[in-house]
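Worksheet for the structure shown next.
These values consider heavy atoms only, across backbone and side chains, with no hydrogens, waters or symmetry-generated copies. Remember, it's a predicted structure, so these values are computed and weren't measured experimentally.
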Amino acid sequence: MALRGKLWHCFLDEASGFAMYARFYSVKVDLKKLRPMILKRIENRAKEYPISSMIPVAQDVLKARSLLIQGVSTLMNVFPVMACKFCPEVYIGEQGHLIQTCYGYKRRSKNQVHEWISGSLNDILVPVETFHLQKMFQDVIKHHQRFDFDRVPAVFELCLQAGADLDEENLSSSSWKSESTFSGVHGTKSLSPDELKFIATGTLRAWEVLRSGIRRLLLVYPAKVCKYCSEVHVGPSGHKARLCGVFKYESWRGAHFWEKADVDDLVPPKIVWRQRPQDPPVLVNEGRDFYGHAPAVVDLCTKAGAIAPARYHSMMKVQGLPGPTGVKS
């Protein structure tokens, strides 16, 4: 009992000493007094941008994007691209696969065979647009101001905020918003296999430079993506335009829920089924566990003779077992 009493007194002494030196903060904070200080800190932070060491990275990203669009447009004139009529599924080949992964359109039944039509450039390089800001640290865009700001590709907006140089003509050009205006190299039907391989290798290199450059820029320049839809905003905070269609009938009326954006949010990889040499001419639903995947750009370039980077090999199942050759009777 005596030992227990001594331990209890020691505990009370330590607790009282901790309470003596502890700092207690008041819950009541006058935001009107803090507002000028917060605005001053934001203004001082804006003076640090753009960062001079990241300007060459932004320039390389713009060059790589231009080469990527031109290269993919050229290869699409040689290798057909098929797109599903009712879902975003894409397949690179003369005819689509028979894998039942179509989740339908509106009330159509799920897990059906795709209905294939000719694909376009936007099926391979998915366009992602965002609001164009006059400066990086500006007032948050309100819902009623959503028509006062132009919509531009998110990659362009990120490079602009990073200090990349662009002419005023390019800024107002409609080709910004429509990547399908690129037609690629003329006379692609007469290109030799070696020339196609050279174009594919350069296109694949531009794809890697684009994604690695954007990844580096996102470490310095903030970008946001909605948690429930694909809306992207390049800037320190998201906008307040109520454009989220998932919850447009809820109490918050379509307001976005922002989180940190990744490179896949600005440049979607568009994963497609890939036909390997050991696979049948037409991929069937019974072999879906055997077939590999790849980003659409990587699959398109490898069909032209380019060598895919090693990090895609596990996804592509290069050395995997062949799947069934046909539908079971």
Side-chain angles (χ1 to χ4, degrees), residues 42-73 121-122 124-141 149-182 201-226 230-239 258-270 295 297-298 301 309:
I42 294 176
E43 183 180 355
N44 294 335
R45 183 184 178 187
K47 296 178 182 178
E48 302 175 358
Y49 293 91
I51 300 176
S52 57
S53 60
M54 301 302 293
I55 295 178
V57 178
Q59 296 286 2
D60 293 340
V61 168
L62 289 181
K63 293 178 183 178
R65 180 179 181 272
S66 179
L67 293 175
L68 176 64
I69 295 175
Q70 186 176 9
V72 171
S73 301
L121 179 64
N122 288 341
I124 301 295
L125 301 176
V126 181
V128 178
E129 294 185 350
T130 184
F131 286 112
H132 172 56
L133 306 181
Q134 299 298 329
K135 56 183 180 179
M136 181 177 178
F137 295 93
Q138 70 176 41
D139 295 337
V140 178
I141 300 176
F149 295 86
D150 295 330
R151 300 280 292 182
V152 298
V155 176
F156 269 67
E157 180 64 21
L158 180 63
C159 295
L160 277 176
Q161 294 187 14
D165 295 330
L166 282 176
D167 298 334
E168 193 67 25
E169 298 179 356
N170 296 330
L171 185 61
S172 59
S173 175
S174 60
S175 63
W176 267 50
K177 303 179 181 180
S178 178
E179 296 176 350
S180 59
T181 55
F182 292 82
T201 303
T203 303
L204 188 56
R205 187 183 302 111
W207 168 259
E208 295 298 320
V209 171
L210 174 66
R211 289 181 60 85
S212 62
I214 292 177
R215 188 176 290 106
R216 292 179 60 186
L217 291 176
L218 289 178
L219 294 175
V220 181
Y221 295 92
K224 305 293 182 180
V225 64
C226 182
S230 58
E231 178 71 12
V232 173
H233 182 78
V234 181
S237 61
H239 59 74
W258 299 106
E259 61 183 7
K260 185 177 180 180
D262 194 8
V263 60
D264 290 342
D265 299 317
L266 275 69
V267 185
K270 194 68 175 186
V297 175
V298 177
C301 293

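Put simply, CD1 on I55 and CG on D165 are 7.5 Å apart, with the number rounded to the nearest 0.5 Å. Distance check, rounded to the nearest 0.5 Å: SG of C301 to CZ of R205 gives 10.5 Å. To the nearest 0.5 angstrom, E129 atom CD is 10.5 Å from D150 atom CG. The distance from the CG atom of L68 to the OG atom of S73 is 9.0 Å, given to the nearest 0.5 Å.
In this view, R211 and D264 satisfy the salt bridge (Lys or Arg N to Asp or Glu O under 4.0 Å) rule, not counting sequence neighbours.
Each salt bridge (charged side-chain N to carboxylate O under 4.0 Å, His left out) pair with one or both residues in residues 214-225, not counting sequence neighbours, would appear here, but there are none.
Contact detail for A58 and A164: the closest heavy-atom pair is CB-CB, 4.0 Å. Residues A261 and V225 come closest through the heavy atom pair CA-CG1, 3.9 Å.
Two residues are said to be in side-chain contact when any heavy atoms from C-beta on lie closer than 4.5 Å; V232 and E157 fail this criterion. The side-chain heavy atoms of L204 and P309, taken from C-beta on, include a pair separated by under 4.5 Å. T130 places none of its side-chain heavy atoms less than 4.5 Å from the side chain of F156. Side-chain contact between I124 and K270 is absent, with no heavy-atom pair separated by less than 4.5 Å. The shortest side-chain heavy-atom distance between L158 and L218 falls under the 4.5 Å cut-off. Here the side chains of H239 and F149 are not in contact, with every heavy-atom distance at 4.5 Å or above. In this structure, the side chains of P153 and R65 come closer than 4.5 Å at one or more pairs of heavy atoms.
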Query - Verdict with reasoning, L67 to T203, per side-chain contact (heavy atoms from CB on, under 4.5 Å) - result: CA-CA 7 Å; L67 293 175; T203 303; over 6 Å; no

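Although no hydrogens or angles enter the test, the distance criterion places a donor-acceptor pair under 3.5 Å between the side chain of Q161 and the main chain of V234. Checking side-chain atoms of D60 against main-chain N and O of V57 turns up no donor-acceptor pair under 3.5 Å.
Just one residue in the list V128, V155, V126, V61 forms a side-chain contact (heavy atoms from CB on, under 4.5 Å) with V267, and that residue is V155.
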